[in-house]
Amino acid sequence: MTARLFEPLTLDGLTLDNRILIAPMCQYSARDGQATDWHMMHLGQLAMSGAGLLTLEATAVSPEARITAWDLGLYDDGCERALARVLDAVRDYAPIPVCIQIAHAGRKASSEAPWTGGAQIPPEHPYGWRTEAPSAVPHAEGEVAPHALDAADLKRVREDFVATAKRAVRLGIEAVELHGAHGYLLHQFLSPLANKRTDQYGGSLQNRMRFPLEIYDAVRQAVPAGSPVWLRVSATDWVEDGWDLEETLALAQALKAAGSPALHVSTGGVSPKQAITLGPGYQVPFAERIKAETGLATIAVGLITEAEQAEAILREGRADAISLARAMLYDPRWPWHAAAELGAQVRAPKQYWRSQPRAYKDLFKDTAFGQR
């Protein structure tokens, strides 16, 4: 019986070799938004992993959209050239489809890197700036309140998302994920904890969904037909009176109607008051419910670390793909080892074909090796 984890997955016109997706993982190692040699090393090793899709880290649509001053961006020609250099090198040796996560941090921008504490940096600091958000409500008590976006600001942000999407298309990136999770700008519009607006973008569920859906429509129009565009969402805020699963289901239906083939289902991030009960696969039930009620392909993530665990989630019909982040950083050959464990095959670069263990003579696809 073929391992479900290694069956192809088609999203719009893009067919992936398998259902292992490398999740976006911020590296806080860019300079002025530009990818560096760290990205060459980091993305290079992940591209050789045998996964079905490689998703770039949250990529900012403007300097102000960055979580930190060291975030990756795709908002000017310098950013585009730097990322082109990395992607060209990666593609020479590892023909893995690439997805970009297009993002705006909103009120969670202007932060320290996590390894220096992750606190807000005040606007007057050389590495800080005034953040912007749906409402002038800070993320945490004692922080500088963000600028509340007005109509002209919303138009600018929409145009920034579109401009970044067009740059991604020029770079040959095959898929787009919009970051609507983890307390960043689009999630801030969705959540009543962050969105206190009284205009057409606040209040009712339909109003709170309006701006994220406008961004989706604008990006969808900017990306060629056949290239999938989807959203990463937080299915719940884990806070009373916050964004919840029922609202996520309504958003999923609206995204499906707008042409989205999938939903990447995470949780949390919009409030320090969140109370999350962690455990293996703790977010999978949210993906399962969305898949069952909407028919969208769902991408499950969150403490999925073992091959058999991932395989069971797919076999039981709880999700359509598995997204790995920390597990992939810990073991950049996770798909190789999962294929060996599940009796499946995986692609590997020809330079590494001779590493195939004797016990798994058919592990790597399409190999040939000989020497005098």
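Positions are given from 1, in the same order as the sequence printed here.
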Check your understanding: Do M48 and L43 share a hydrophobic cluster (ILVMFWY, side-chain heavy atoms under 4.5 Å, transitive)?
Key ->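 They do share one cluster, since a chain of ILVMFWY contacts under 4.5 Å joins M48 to L43.
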Check your understanding: Can L213 be reached from W243 by stepping across I, L, V, M, F, W or Y side chains whose heavy atoms are under 4.5 Å apart?
Key ->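 Cluster IDs for W243 and L213 match.
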With a 6.0 Å cut-off (strictly less than), is the heavy-atom count around [atom1] of [X], excluding the residue itself, greater than 12?
| X | atom1 | value |
| --- | --- | --- |
| K155 | NZ | no |
| D88 | CG | yes |
| E124 | CD | yes |
| R130 | CZ | yes |
| E293 | CD | yes |
| R31 | CZ | no |

Check your understanding: Taking the six-membered ring for Trp, are the ring centroids of W70 and Y127 within less than 6.0 Å of each other?
Key ->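 Under 6.0 Å, so yes.
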Check your understanding: Just checking, any donor-acceptor pair under 3.5 angstrom between side chains of E64 and W129?
Key ->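 No pair is found: no donor N or O on one side chain lies under 3.5 Å from an acceptor on the other.
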Check your understanding: Which distance, rounded to the nearest 0.5 Å, do you find between the OG of S234 and the NE2 of H187?
Key ->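 S234 atom OG to H187 atom NE2 measures 4.5 Å (nearest 0.5 Å).
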**Study point:** For L74, the option from I102, V61, L171 that meets side-chain contact (heavy atoms from CB on, under 4.5 Å)
**Key:**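 Single side-chain contact (heavy atoms from CB on, under 4.5 Å) partner of L74 among I102, V61, L171: L171.
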[X] vs [Y] side-chain heavy atoms within contact, under 4.5 Å:
| X | Y | answer |
| --- | --- | --- |
| D17 | L53 | no |
| D237 | D244 | no |
| L21 | I299 | yes |
| P280 | T305 | no |
| H42 | L329 | yes |
| V301 | V265 | no |
| H104 | Q188 | no |
| H39 | L72 | yes |

Which heavy atom of [X] sits nearest to which heavy atom of [Y], and what is that distance?
| X | Y | result |
| --- | --- | --- |
| A258 | Y216 | O-CE2, 3.6 Å |
| A60 | T164 | O-OG1, 4.2 Å |
| T131 | A109 | CG2-O, 3.6 Å |
| G242 | L193 | CA-CG, 3.8 Å |
| G128 | S110 | CA-OG, 3.2 Å |
| T294 | A252 | CG2-CB, 3.9 Å |

Practice item. Might you work through the side chain to side chain donor-acceptor pair (under 3.5 Å) test for T267 and Q283, ending with a clear yes or no? Key: CA-CA 7 Å; T267 61; Q283 295 176 146; 2.5 Å; yes
**Study point:** N/O donor-acceptor pair under 3.5 Å between S271 side chain and K273 backbone
**Key:**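 Present.
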Exercise for review: Could you check whether the rings of Y282 and W238 sit parallel, tilted or perpendicular, using 30° and 60° as the cut-offs?
Suggested key: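 The arrangement is tilted - the two ring planes meet at 30° to 60°.
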Review point. When the ring planes of Y184 and H179 are compared, do they come out parallel, tilted or perpendicular, using 30° and 60° as the limits?
Key: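 Judged by the thresholds at 30° and 60°, the geometry between Y184 and H179 is perpendicular.
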